Amino acid sequence: MSEFTVLDHPLIQHKLTRLRDETTDTKIFREVVDEISSLMAYEITRDVPLTTRKVRTPLGLDADGHFVDGLQLGVVPILRAGLGMIHGILQIVPMAPVGHIGIYRDPDTLEPRDYYCKLPSDSEKRTLIVVDPMLATGGSAIAAINFIKKQGAARIKFNCILAAPEGVAALRAAHPDVSIYAAGLDEKLNDHGYILPGLGDAGDRIFGTK
Ligand code: PRP
Ligand code: URA
């Protein structure tokens, strides 16, 4: 069974609370998504392998240096809300290529529908971090990861901001090899597949569409 981790760093928890607050307007919501995404990326990339090489310091001495190989990672936002997390993640891993996968949830059936996919050409060599602020029923994440695996990617992590127990269980069952990271795990879903108490519709709050 895959790992499920709630990132309980106090700064992450503080920012999650700003996102939940209904009085947080679109401008601030977008900024806080950006900030929390950076903080989460910092935690999620903890296991990225390092190569070592000496560097010469201004004192004319060699020091052991540690480098992240630029070829390790890729980031794949699930459109559209996942886009809101990209800038913050790239602040931490600027060399990571960004793939895109377009999926929306049919509002009547809650079934995921895919409409776009463009991944880095060497995805099979990288750990891909699939990002979407919300893991609700899990349908979108499962469909996105099915798609990505079909294109050859083998090492995948899933990064959301808020998860519902239903979505975590479904994603773990469908993709036991994918580690899941969230800032919060909420109580349940309502009849419309919204996370409770949640933070509302992430895409609408990021892009000001409602
Ligand atoms: C939201 C969210 C996830 C999905 C989660 O997207 O950003 O992609 O719902 O729900 P699920 O786990 O039940 O699939 P939505 O379909 O509203 O599209 P949007 O990103 O364009 O707003
Ligand atoms: N998508 C959202 O944006 N919010 C939810 O609560 C569930 C799915």
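Every value quoted in this text rests on a predicted model; they were computed, and no experiment measured them. For ligands, and for the atoms within them, numbers begin at 1 and follow the listed sequence. What's counted below: heavy atoms across the whole structure, side chains too, no hydrogens, waters or symmetry copies.
No donor-acceptor contact under 3.5 angstrom links the side chains of Arg30 and Thr24, judged on distance only.
In terms of protein heavy-atom proximity, atom 6 (O) of ligand 2 is closest to Ile195 N, 2.8 Å. When hydrogens are left out, the protein atom nearest atom 5 (C) of ligand 2 is Tyr194 CD2, 3.4 Å; that is the closest non-hydrogen contact. Of all protein heavy atoms, the one lying nearest to atom 10 (O) of ligand 1 is Arg105 CD, 3.3 Å. Given atom 21 (O) of ligand 1, the protein heavy atom at minimum distance is Arg80 NE, 3.0 Å. Among protein heavy atoms, the minimum distance from atom 5 (C) of ligand 1 is reached at Met134 O, 3.5 Å. For atom 17 (O) of ligand 1, the closest non-hydrogen atom of the protein is Asp201 OD2, 4.2 Å. The nearest heavy-atom contact from the protein to atom 14 (O) of ligand 1 is Ser140 OG, 2.5 Å. In terms of protein heavy atoms, atom 8 (C) of ligand 2 is closest to Arg105 NH2, 3.6 Å.
Other residues, nucleotides and ligands place more than 12 heavy atoms under 6.0 Å from the CZ atom of Phe4.
Close N/O approach between Ala202 and ligand 2 is found [any backbone or side-chain N/O within under 3.5 Å]. Where the criterion is an N or O separation shorter than 3.5 Å, residue side chain and backbone included, Ala81 meets it with respect to ligand 1. Considering both main-chain and side-chain atoms, Asp204 never comes within under 3.5 Å of ligand 1 through any nitrogen or oxygen pair. For Tyr104, no nitrogen or oxygen atom sits less than 3.5 Å from a nitrogen or oxygen atom of ligand 1, counting backbone and side chain alike. Of the polar atoms of Ala136, at least one N or O is found under 3.5 Å from an N or O of ligand 1, judged by distance alone. Geometrically, ligand 2 and Gly193 share no nitrogen or oxygen pair separated by less than 3.5 Å. Between Gly138 and ligand 1, an N or O atom pair is found at a separation short of 3.5 Å.
Ile78 approaches Ala141 most closely through the heavy-atom pair CD1-CA, 4.1 Å. The two residues Asp186 and Arg20 have their closest heavy-atom pair at OD1-NH2, 2.6 Å. The shortest heavy-atom contact between Gln13 and Leu7 is NE2-O, 3.0 Å. The minimum heavy-atom distance linking Leu110 with Pro107 is given by the pair CD2-O, 4.0 Å. Between Ile195 and Leu189 the shortest heavy-atom distance is CG1-CD2, 3.8 Å.
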- request: Evaluate the salt bridge (Lys or Arg N to Asp or Glu O under 4.0 Å) criterion for residues Lys210 and Asp201: first the C-alpha distance (whole Å), next the side-chain angles of each, then the deciding distance (0.1 Å), finally the verdict.
  value: CA-CA 9 Å; Lys210 221 173 233 171; Asp201 187 305; 5.4 Å; no
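There is a protein heavy atom less than 4.0 angstrom from atom 3 (C) of ligand 1.
In Thr137, the parts holding a heavy atom less than 4.0 Å from any atom of ligand 1 are both the side chain and the backbone.
The distance from ligand 2 to the heavy atoms of Gly200 drops below 4.0 Å at these ligand atoms: 2 (C), 3 (O), 4 (N), 5 (C), 6 (O). Every atom of ligand 2 with a heavy atom of Ala136 under 4.0 Å away is listed here by number and element: 7 (C), 8 (C).
Asp62 pairs with exactly one of Arg56, Arg53, Lys54 by the side chain to side chain donor-acceptor pair (under 3.5 Å) rule, that one being Arg56.
For the pair Arg18 and Phe29, the cation-pi test (distance below 6.0 Å, angle within 45°) is failed.
Proximity of a side-chain donor or acceptor of Ser37 to a complementary backbone N or O of Gly88 within less than 3.5 Å is not detected.
Distances shorter than 4.0 angstrom occur between a heavy atom of Asp132 and an atom of ligand 1.
Note: the hydrophobic cluster containing Ile103 does not contain Val98 (ILVMFWY, side chain heavy atoms under 4.5 Å, direct or indirect links).
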